[in-house]
Amino acid sequence: MSDTKPKVTLVDTSLRDGMSSVSHKFTPDQVAEISSGLDRAGITTIEVAHGIGLGASSIQYGFAAATDAEYVRAAVKATSQADIAVLYVPGIATLAELQGAIDAGAKTVRVAVHCTEADCAEQPIVWAREQGLNVMSFLMMSHKLEPAALAEQAAKLDSYGAQVIYVVDSAGAMVPSGAGARVAALRERISADIGFHAHNNLGVGVANALTAAEQGATYIDGSLRGLGASAGNAQTEVLAAAFERAGWDTGVNLYPLIDTAEHVVAPLMTEPQIVDETALILGYAGVYSTFFHPTKRAAKKYGVKERDILMELGRRGVIGGQEDMIIDVAAELAGRGEHARLPEPVSA
């Protein structure tokens with residue numbers, strides 16, 4: 001019987017998904033300090049960019065404190081081993097912006113599409129592979145498709161050349177059985193490696209990640225202190241400890257992760273990353289995590305409950321990019337003075 005531990009690679013997204021928690025206001029110096037700590041801990045891929053991805057700094061998504069290229073350069077300069085990754089969302093990012101990130105030193109791109117729209121990823125995946133980038137691809141809002149249908153979409157990404165294909169719980173709507181079933185379905189259909197990206201709206205982000213790995217995911221996303229949209233992501237330092245206790249080899253040194261989380265990231269946080277009422281209902285209703293702050297603002301403006309807005313958005317099946325629906329729903333609820341109806345149960 002072999003004593004070799006199974007291996008899993010932890011990818012840190014504090015400096016991309018985590019940007020959503022600080023209104024995209026990390027400075028290049030702060031990006032450099034956090035990247036340096038992650039690099040010392042042995043994290044081999046560090047994602048850096050505006051919280052929504054390349055090219056998203058705007059009045060619609062929020063202006064960042066620096067350009068994506070400036071963030072990438074700061075991270076590259078501060079690290080000696082880790083690859084710096086960027087997020088590319090078709091329709092928001094352009095290939096010219098991706099080229100700018102490459103020129104700044106990015107080695108990996110993560111191409112993110114809604115779980116039913118794998119076709120939209122073909123051009124950037126093919127182009128990025130031609131440039132020699134490592135290519136990962138995200139199937140966002142993966143809870144919205146049953147495992148077999150999700151695997152069909154993953155097979156398209158596999159055929160385009162994605163080297164890692166992610167099951168992404170963008171809404172934090174999954175529980176461990178659902179996370180495991182989706183990863184297992186992908187494992188049956190694709191040759192690429194599989195990743196899992198957890199949000200913690202139902203409080204089971206780390207459990208989902210462990211189950212995903214047990215079913216064949218070899219790349220697991222996290223963020224220091226759980227920094228990320230809505231309730232945040234599975235916490236990188238907790239993932240490292242939990243996987244080690246579960247018998248996995250992460251190749252990561254836990255103490256530098258904890259030190260960076262406690263002494264660098266924590267002082268920069270404007271508020272604790274917790275599962276509050278809005279974050280919880282967002283996961284329960286299956287709504288995209290970046291709707292968190294806009295929903296809070298709309299509820300205050302129109303004098304309606306955040307949970308009523310989110311439940312109605314869940315009933316309507318909104319996806320990322322439909323943030324304008326938040327205002328529409330809030331105004332409608334205020335006008336008729338009714339509570340939103342429950343959505344159909346989501347399959348987690």
Side-chain angles (χ1 to χ4, degrees), residues 6-11 13 17 44-45 47 85 87-90 108-122 124-126 128-129 133-200 202 204-222 233-234 239 243 246 248 250 283 286 288-289 319-320 346-348:
K7 295 182 181 294
V8 66
T9 298
L10 300 183
V11 175
T13 187
D17 208 342
T44 55
T45 301
E47 189 181 42
L87 186 75
Y88 183 106
V89 180
T108 296
V109 64
R110 286 145 62 97
V111 179
V113 294
H114 185 66
C115 62
T116 61
E117 298 175 356
D119 293 354
C120 296
E122 182 175 8
I125 289 174
V126 171
R129 288 297 304 272
L133 290 177
N134 300 315
V135 179
M136 301 175 173
S137 193
F138 275 22
L139 288 167
M140 297 187 293
M141 298 289 280
S142 289
H143 76 277
K144 284 187 167 290
L145 286 182
E146 293 299 320
L150 189 69
E152 289 180 7
Q153 294 291 315
K156 293 182 180 181
L157 300 176
D158 196 21
S159 72
Y160 305 151
Q163 293 148 298
V164 185
I165 299 170
Y166 269 78
V167 174
V168 179
D169 188 13
S170 312
M174 291 186 194
V175 295
S177 59
R182 285 165 176 78
V183 171
L186 264 64
R187 183 72 288 148
E188 292 293 318
R189 287 291 306 272
I190 66 174
S191 59
D193 289 329
I194 298 171
F196 187 79
H197 179 102
H199 279 261
N200 200 43
L202 298 181
V204 290
V206 172
N208 285 345
L210 287 165
T211 303
E214 290 169 358
Q215 294 299 322
T218 54
Y219 286 79
I220 300 293
D221 281 11
N233 296 7
L239 285 169
F243 270 103
W248 293 77
T250 65
Y288 198 68
S289 287
I319 63 174
V346 297
S347 174

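A quick note: this is a predicted structure, and the numbers were derived from the prediction, not measured. Below, all heavy atoms of this structure are taken into account, side chains as well, without hydrogens, waters or symmetry copies. Nothing fancy with the numbering, it's 1 onward along the sequence.
- Under the salt bridge (charged side-chain N to carboxylate O under 4.0 Å, His left out) criterion, the residue pairs touching residues 204-221 are R110-D221, with sequence neighbours excluded.
- Taken from CE in M141 to OH in Y288, the straight-line distance is 8.0 Å, to the nearest 0.5 Å.
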Start with the C-alpha distance between L139 and L150, add both sets of side-chain angles, then the distance that settles side chain to side chain contact (heavy atoms under 4.5 Å, CB included), and finish with yes or no.
-> CA-CA 8 Å; L139 288 167; L150 189 69; 3.9 Å; yes

Extract all donor-acceptor atom pairs below 3.5 Å that involve side chains of residues 154-161 and protein atoms in other chains or at least two apart in sequence.
| residue | atom | partner | partner atom | Å |
| --- | --- | --- | --- | --- |
| K156 | NZ | D119 | OD1 | 3.2 |
| D158 | OD1 | S191 | OG | 3.4 |
| D158 | OD1 | A192 | N | 3.4 |
| D158 | OD2 | S191 | N | 2.9 |
| D158 | OD2 | S191 | OG | 3.3 |
| S159 | OG | K156 | O | 2.6 |
| Y160 | OH | D119 | OD1 | 3.2 |

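- R182 CZ to D169 CG: the interatomic distance, rounded to the nearest 0.5 Å, is 8.5 Å.
- A donor-acceptor contact shorter than 3.5 Å links the side chain of N208 to the backbone of M174.
- Closest approach of R189 to A151, counting heavy atoms only: CG-CB, 3.6 Å.
- Proximity of a side-chain donor or acceptor of T211 to a complementary backbone N or O of G180 within less than 3.5 Å is not detected.
- Annotation for A185 and P147: closest pair CB-O, 3.5 Å, computed over non-hydrogen atoms.
- Here the shortest heavy-atom pairing between V164 and G195 reads CG1-N, 3.9 Å.
- In this structure H197 satisfies the ring pair (Phe, Tyr, Trp, His ring centres under 6.0 Å) test together with F138, H199, sequence neighbours excluded.
- Residues satisfying the side-chain contact (heavy atoms from CB on, under 4.5 Å) criterion with A184, sequence neighbours excluded, are Q215.
- Within the 4.5 Å cutoff, no side-chain heavy atoms of K7 are placed close to those of T218.
- In this structure V89 satisfies the side-chain contact (heavy atoms from CB on, under 4.5 Å) test together with L87, I92, A112, sequence neighbours excluded.
- Listed here is the closest heavy atom pair of A171 and G286: CB-C, 3.7 Å.
- Side chain of S142 to main chain of V167: no donor-acceptor pair is present (N/O by atom type, distance under 3.5 Å, no hydrogens or angles).
- Here CE of M136 is found 5.5 Å from OG1 of T108. Values are rounded to the nearest 0.5 Å.
- Taking the side-chain contact (heavy atoms from CB on, under 4.5 Å) definition, one finds that T44 meets it with T9, sequence neighbours left out.
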